Amino acid sequence: MPELPEVESLRRILARSATGLTIVSAKVLEPRLRRKVSHDFEAAIAGRRIEALARRAKYLILQLAGGDALLVHLGMSGSLTHRPGKAGGPAFADHDESLDPAHDHVEFRLDDGSRIVYNDPRRFGLLKLVPAGALDSTVELRGLGPEPLGKAFSAEYLALKARGRRVAIKNLLMDQRIVAGIGNIYAAEILFRAAVRPTRRSGRLSRAEIGRIAAATPSILREAIGKRGTTFRSYRDSRGQPGGFSSRLRVYGREGEPCYTCSTPIRNVIVGQRASFFCPQCQK
DNA sequence: AAACATTCCTGCACGC
DNA sequence: TGCGTGCAGGAATGTT
């Protein structure tokens, strides 16, 4: 569940369920993620209280007592689930249907008997403890563009970044240095709403087209957050619930199916090695 | 069984 | 020639 709306949904859920709880202990079952989880991770995490939940781009940030932050990225296939403790039974009684022991890589036991589990079949994700004050300068977050839901992301900004660029607009939107948090699904949906083909060269777009893209971006993302993100296949949020935005997708994954607006079959072309869905009638 | 929601790295082409 | 930048391509990996 990796793009911005999914991470933001996760942040909101965890903010309600986990803020104020203390991580009694952490257990790393499989350290080989995108980068190896450091060997002192367990000791460094133990005893920390979760003060707040934040997000930057597709990164979830657990603000810990003392100012350090736990940076979490879900990669392609990661999930973070908060599982209640079993009343009356051992906290780790494993009859939970949602349990996936083969890919549960890190477990955090909390002081109310619940636990937060990081699961990631493809192990492209990341868990990293960042010292207080070093968050903005850490390699993962340094160099990220503005948040698409913030004031800094505007038509003027996008026009500035698109000027003279030959890259396809879809690749520009997915470039985390330009704007943070947009991936393949939402780039496709944003461009459909903006009526611009994903293959268009960024520098060739009119001011009106740039304006529509800049307007569609927060609009699509907010709508997806409201639906708790998009669920593909077996993906679930931190309470095990599927996201509700899948049924709202206008083009993503709909190759050959009729456009909801004009009935023209949706097409799929490869742009920058990624599937790119669009309506050839509605998007120019 | 080909496709895949992620990031990161390499190497080529081009311009100054 | 040398350097920086833009861009394409591929790798990492397991599931469906």
Side-chain angles (χ1 to χ4, degrees), chain A residues 1-10 29-37 55-60 71-80 98 100-105 118-128 138-145 160-191 198-204 220-221 224-225 227-237 242-256 268-277:
Chain A
M1 31 190 293
E3 299 187 39
L4 184 151
E6 289 73 31
V7 180
E8 178 60 23
S9 298
L10 173 62
L29 305 160
E30 171 57 83
R32 294 174 304 156
L33 303 182
R34 184 200 310 178
R35 284 210 304 280
K36 195 164 182 236
V37 177
R55 179 191 58 74
R56 177 78 171 101
K58 301 168 189 173
Y59 288 88
L60 180 73
L71 197 60
V72 179
H73 194 284
L74 302 173
M76 292 267 285
S77 59
S79 64
L80 202 62
S98 65
D100 174 15
H103 306 298
D104 284 349
H105 302 319
Y118 179 77
N119 178 291
D120 186 359
R122 290 181 70 176
R123 306 205 314 274
F124 286 3
L126 175 102
L127 265 75
K128 179 182 177 182
T138 198
V139 288
E140 288 79 11
L141 303 189
R142 180 179 36 182
L144 285 174
L160 185 70
K161 293 299 182 181
R163 185 170 303 149
R165 298 291 304 273
R166 295 176 57 80
V167 268
I169 181 60
K170 176 155 172 283
N171 291 340
L172 196 77
L173 284 177
M174 291 171 64
D175 185 337
Q176 303 300 300
R177 296 167 300 186
I178 304 293
V179 54
I182 299 170
N184 206 28
I185 294 178
Y186 296 109
E189 296 299 313
I190 288 164
L191 290 172
T199 48
R200 293 281 301 282
R201 304 261 193 211
S202 302
R204 309 293 282 270
I220 289 282
L221 295 175
I225 292 168
K227 292 287 176 184
R228 301 181 338 280
T230 303
T231 297
F232 263 64
R233 304 197 176 96
S234 62
Y235 291 91
R236 295 292 184 270
D237 70 19
F245 194 71
S246 306
S247 59
R248 301 287 262 267
L249 296 175
R250 314 319 279 178
V251 287
Y252 188 87
R254 298 194 65 242
E255 181 178 10
N268 175 15
V269 296
I270 302 300
V271 182
Q273 299 99 246
R274 311 294 297 275
S276 303
F277 301 90

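Each chain gets a letter, A, B and so on, in the order the sequences are listed, and its residues count up from 1. Since the structure is predicted, the reported quantities are computational estimates derived from the model, not experimental observations. Below, all heavy atoms of this structure are taken into account, side chains as well, without hydrogens, waters or symmetry copies.
A donor-acceptor contact shorter than 3.5 Å links the side chain of A/Asn268 to the backbone of A/Ser276.
The separation between A/Asp175 atom CG and B/dC8 atom P is 12 Å, rounded to whole Å. Rounding to whole angstrom units, CG of residue A/Asn119 and P of C/dG14 are separated by 13 Å. Protein atom CZ of A/Arg201 is 8 Å distant from nucleotide atom P of C/dC7, rounded to whole Å. A/Asn171 places its CG atom 15 Å from the P atom of C/dG10, with the value rounded to the nearest Å. Look at CZ on A/Arg123: it is 12 Å from P on C/dA12, rounded to the nearest Å. Remark: P of B/dC8 and NZ of A/Lys36 are 19 Å apart, rounded to the nearest angstrom. Rounded to an integer number of Å, the gap from CG of A/Leu74 to P of C/dA12 is 22 Å. What separates CZ of A/Arg35 from P of B/dT6 is a distance of 18 Å, to the nearest Å.
Each of A/Ala275 and A/Tyr59 lies near DNA chain B, and the nucleotide nearest A/Ala275 is the one positioned closer to the 5' end.
A/Arg34 contributes no side-chain N or O that forms a donor-acceptor pair with the base of B/dC8 under 3.5 Å.
Considering only side-chain atoms of A/Phe124, the nucleotide from C/dT13, C/dA8, B/dT7 that sits closest is C/dT13. Among the nucleotides C/dC7, C/dG10, B/dT6, the one closest to the side chain of A/Arg166 is C/dC7. If you check C/dT13, B/dT7, B/dT6 against the side chain of A/Arg122, the one that comes closest is C/dT13.
Side-chain contact check for A/His73 and A/Arg34: at least one donor-acceptor pair (N or O, by modelled atom type) lies under 3.5 Å. A donor-acceptor pair shorter than 3.5 Å cannot be found between the side chains of A/Tyr118 and A/Glu30.
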Nucleotide-level pairing of DNA chain C, given in dot-bracket where Watson-Crick and G-U pairs need both distances under 3.5 Å and | marks other strands
.|||||||||||.|||
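As judged by a 4.0 angstrom heavy-atom cut-off over every strand, A/Arg165 is placed among residues touching the sugar-phosphate backbone only.
One C1' atom belongs to B/dC4, the other to C/dG10, and the distance between them is 15 Å to the nearest Å. Nucleotides C/dT13 and B/dA1 place their P atoms 22 Å apart, quoted to the nearest Å.
Distances shown here put a side-chain N or O of A/His103 below 4.0 Å from the OP1 or OP2 atom of C/dT15. Within the 4.0 Å cut-off from OP1 or OP2 of B/dT7, at least one side-chain nitrogen or oxygen of A/His73 is found.
Summarising the geometry, atom CG belonging to A/Leu126 is positioned 5.5 Å from atom CZ belonging to A/Arg35; distances are rounded to the nearest 0.5 Å.
Listed by first and then second residue, the salt bridge (Lys or Arg N to Asp or Glu O under 4.0 Å) pairs that reach into residues 162-175 of chain A are A/Asp175-A/Arg177, sequence neighbours excluded.
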